[in-house]
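Working notes, structure below.
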Amino acid sequence: FVSRYLSILEAMQAKRLVVAVYNNDIKKDYLNCHPMMDNMIIADNADEIVQRLNTLSKDKMNRMIERAHQWSKDQTWGKLADQYEQLWNR
């Protein structure tokens, strides 16, 4: 259960399913713009988390975890710094 970028990345590198919760529109947008948003459970309340987890098959969960893990292996501090510089230089 994480919702910050580096915590999400760390969970993905550890091959864990990411469950991210938001409580405002900014956090919702931030999570739904994440490159791996389709490989996370993103919700705004406990009932939605339970519903999403109950309908998630073991095979789909494993595919989500593996895709997220593969993506996370390509993330580096240098790449993240470059992304921040591109964002703030606009």
Side-chain angles (χ1 to χ4, degrees):
F1 289 91
V2 296
S3 61
R4 296 191 181 263
Y5 186 85
L6 293 178
S7 299
I8 289 170
L9 185 58
E10 184 177 10
M12 289 176 174
Q13 288 179 345
K15 290 190 170 186
R16 299 294 184 259
L17 178 65
V18 173
V19 177
V21 180
Y22 61 88
N23 61 356
N24 61 58
D25 288 338
I26 293 172
K27 182 66 90 168
K28 178 182 179 181
D29 187 50
Y30 164 81
L31 291 169
N32 284 313
C33 289
H34 192 283
M36 288 286 104
M37 59 113 16
D38 291 333
N39 296 296
M40 299 188 283
I41 302 294
I42 300 171
D44 70 343
N45 61 65
D47 290 336
E48 187 177 356
I49 293 169
V50 169
Q51 185 273 329
R52 298 270 318 273
L53 289 173
N54 282 338
T55 59
L56 184 64
S57 72
K58 182 86 168 161
D59 287 338
K60 182 167 181 169
M61 181 178 70
N62 288 335
R63 283 192 304 273
M64 291 168 66
I65 291 168
E66 187 56 33
R67 279 188 221 120
H69 176 70
Q70 290 303 318
W71 175 82
S72 73
K73 292 190 317 184
D74 292 332
Q75 306 312 302
T76 64
W77 283 112
K79 189 173 182 179
L80 180 60
D82 290 344
Q83 290 172 342
Y84 274 103
E85 286 177 356
Q86 288 175 358
L87 175 66
W88 293 109
N89 285 331
R90 291 186 179 184

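Every value quoted in this text rests on a predicted model; they were computed, and no experiment measured them.
- Counting only distance, with no hydrogens or angles, the side chain of Arg52 and the backbone of Ile42 share a donor-acceptor pair below 3.5 Å.
- The CG atom of Asn39 sits 11.5 Å away from atom CD of Gln70, with the distance rounded to the nearest 0.5 Å.
- Scanning for salt bridge (charged side-chain N to carboxylate O under 4.0 Å, His left out) contacts around Lys15 gives Glu66, with sequence neighbours left out.
- Hydrophobic clustering (side-chain heavy atoms under 4.5 Å, transitive across Ile, Leu, Val, Met, Phe, Trp, Tyr) keeps Leu6 apart from Ile26.
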Evaluate the side-chain contact (heavy atoms from CB on, under 4.5 Å) criterion for residues Asn62 and Lys58: first the C-alpha distance (whole Å), next the side-chain angles of each, then the deciding distance (0.1 Å), finally the verdict.
-> CA-CA 6 Å; Asn62 288 335; Lys58 182 86 168 161; 3.9 Å; yes
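- To the nearest 0.5 Å, atoms NZ (Lys60) and OG1 (Thr55) are separated by 8.0 Å.
- Within a 6.0 Å sphere centred on CG of Asp25, heavy atoms belonging to other residues, nucleotides or ligands number 12 at most.
- Checked by atom type and distance alone, the side chain of Gln13 pairs as donor or acceptor with a backbone atom of Ser72 at under 3.5 Å.
- Tyr84 OH to Leu87 CG: the interatomic distance, rounded to the nearest 0.5 Å, is 8.0 Å.
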Start with the C-alpha distance between Asn23 and Asp44, add both sets of side-chain angles, then the distance that settles side-chain contact (heavy atoms from CB on, under 4.5 Å), and finish with yes or no.
-> CA-CA 6 Å; Asn23 61 356; Asp44 70 343; over 6 Å; no
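- Within 6.0 Å of NZ in Lys27 there are more than 12 heavy atoms belonging to other residues, nucleotides or ligands.
- The ring pair (Phe, Tyr, Trp, His ring centres under 6.0 Å) contacts involving residues 21-72 comprise Tyr5-His34, His34-Trp71, where partners must be two or more places apart or lie in separate chains.
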Run the numbers on Glu10 and Arg16 for side-chain contact (heavy atoms from CB on, under 4.5 Å), then give the verdict.
-> CA-CA 9 Å; Glu10 184 177 10; Arg16 299 294 184 259; over 6 Å; no
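- For the side chain to side chain contact (heavy atoms under 4.5 Å, CB included) with Met40, the qualifying choice from Val2, Val18, Asn32 is Val18, the only one to do so.
- Nearest heavy atoms, Ser3 versus Ile8: C-CD1, 4.0 Å.
- Here Leu53 is tied into one hydrophobic group with Phe1, Leu17, Val19, Val21, Ile41, Ile49, Leu56, Met61, Met64, Ile65, each link being a pair of ILVMFWY side chains closer than 4.5 Å.
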